[in-house]
Number of protein chains: 2
Amino acid sequence: MITNMKHIKNKLEAKGVKPTYQRLCVLKYLEKNMNHPTAEMIYENIAKKIPTMSKTTIYNTLNLFLENGLIHAVTITGTEVRYDINTFSHHHFLCRKCGKIVDIEVKCPFCDGEITQINGSKIEEIHGYFKGICKKCREKNNKVER
Amino acid sequence: MITNMKHIKNKLEAKGVKPTYQRLCVLKYLEKNMNHPTAEMIYENIAKKIPTMSKTTIYNTLNLFLENGLIHAVTITGTEVRYDINTFSHHHFLCRKCGKIVDIEVKCPFCDGEITQINGSKIEEIHGYFKGICKKCREKNNKVER
DNA sequence: TTCATGTTTGTAATCATTACAGATTTAATA
DNA sequence: TATTAAATCTGTAATGATTACAAACATGAA
Ligand SMILES: [Mn+2]
Ligand SMILES: [Mn+2]
Ligand SMILES: [Zn+2]
Ligand SMILES: [Zn+2]
């Protein structure tokens, strides 16, 4: 993944979003951190370098990115929004032990765009969420639960 | 769907949950209202008849039901939990126009229990959420959008 | 009755997110 | 270059769903 400033600037301009310094920072963070961070995580990191950064700006920026299709919202935890730079339709797995959220590659006719309607209702967003125990956490228990 | 008190009482006892008056009320409401209500909606309705009912009891009861597998949580809106008496794995559609949440019947190997693991991670919960415009809302616009 | 345990209730706290208004920046225009 | 309107950013206050907590109440055994 290319994460230089020029590339990020182009990405914003391609969507008609003015590439301000704050917006470049947020988009750069999301390209570097593909682990579906929270607004808080993004804020904490950026505020280290730019102490004047406001949390409201983080939220404003993320919402602007969402409206312009630059990012996707992942609401798998139910408690807060996680942000995803990967805007291709894909599924997610949340480990209830370690809390990590990882992308899931499964054959899905909805993600593939083969099915765009259900009973006459138009599908605009697809969210496939799985919850359980990830492989690493299972192995950590030394015994593989069935 | 049978919604008499005897049936509801049995359902609680079968899960080892003491059938208190408040719990019977909440479970009865959920059996009568399969439209995935919020805690607020459940509270408002029950409080009409039982003014002493506390909202905390509603939350306590719903969480108890969740722990005992009597109901499922649907977090499709991202803003609040919706509660579902239907504990068979199934998908949901949220209309961004009218806000209704409806059950979706799609062939899904995860819901069917055919696939219980992904890359060594154990699947315990499946959430299939679709968002868009429902059939009725599309027809209301008089023109069927593509 | 006494006592322990479980349940319910009301209020206060929490936490993510949004509303709002003032300050600052940007960019167009004169 | 100076003026000025629009856009953006910032900090604080408000919102809303949910939980924490402690007191009141109910239940059932000893
Ligand atoms: Mn992802
Ligand atoms: Mn349902
Ligand atoms: Zn894990
Ligand atoms: Zn609708």
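Scope of the values below: all heavy atoms of this structure, side chains included, with no hydrogens, waters or symmetry mates. Chain identifiers are assigned alphabetically (A, B, ...) following the order of the sequence lines, protein sequences preceding nucleic acid strands; residue numbering begins at 1 within each chain.
Residue B:R23 contributes atom CZ, which lies 12 Å from atom P of D:dT27 at whole-angstrom precision. For the pair A:E80 CD and C:dT17 P, the interatomic distance rounds to 6 Å; values are reported in whole Å. Rounded to a whole Å, the CD1 atom of A:I58 is 12 Å from the P atom of D:dG11. In this structure, A:M53 atom CE and D:dT8 atom P are separated by 14 Å, rounded to whole Å. Atoms NZ (A:K55) and P (D:dA14) sit 18 Å apart, rounded to a whole Å. Atom P of nucleotide C:dG10 and atom CD of B:Q22 are separated by 11 Å, given to the nearest angstrom. Rounded to whole Å, atom C1' of D:dT18 lies 17 Å from atom CG of B:L64. To the nearest angstrom, P of C:dT26 lies 12 Å from CG of A:L24.
When the nearest nucleotides of DNA chain C are assigned to A:K18 and B:T61 by heavy-atom distance, the more 5′-ward of the two goes with B:T61. Taking for each of B:R82 and A:I50 the nucleotide of DNA chain D with the nearest heavy atom, the 5'-most of the two is the partner of A:I50.
For the OP1/OP2 pair of D:dT18 and a distance below 4.0 Å, the side-chain nitrogens and oxygens of B:Y59 include at least one atom meeting the criterion.
Here B:I58 contributes atom CD1 and B:E44 contributes atom CD; the two are 10.0 Å apart, rounded to the nearest 0.5 Å.
The main-chain N or O of A:F88 is found under 3.5 Å from a side-chain atom of A:N86 such that the two form a donor-acceptor pair. Remark: the backbone N or O of A:K18 is paired with a side-chain donor or acceptor of A:R23 at under 3.5 angstrom.
In the set C:dT18, D:dT10, C:dT7, D:dT10 carries the atom at the smallest distance from any side-chain atom of A:T57. The side chain of A:T56 lies closest to C:dT18, out of C:dT9, D:dT19, C:dT18.
No engagement by B:T38 is indicated, since no non-hydrogen atom pair under 4.0 Å with the nucleic acid exists. Among the heavy atoms of the strands lying under 4.0 Å from B:N60 is at least one base atom, whether or not backbone atoms are also near.
The aromatic ring centres of B:Y129 and B:H127 sit less than 6.0 Å apart.
The closest side-chain donor-acceptor pair between A:H92 and A:D103 falls under 3.5 angstrom.
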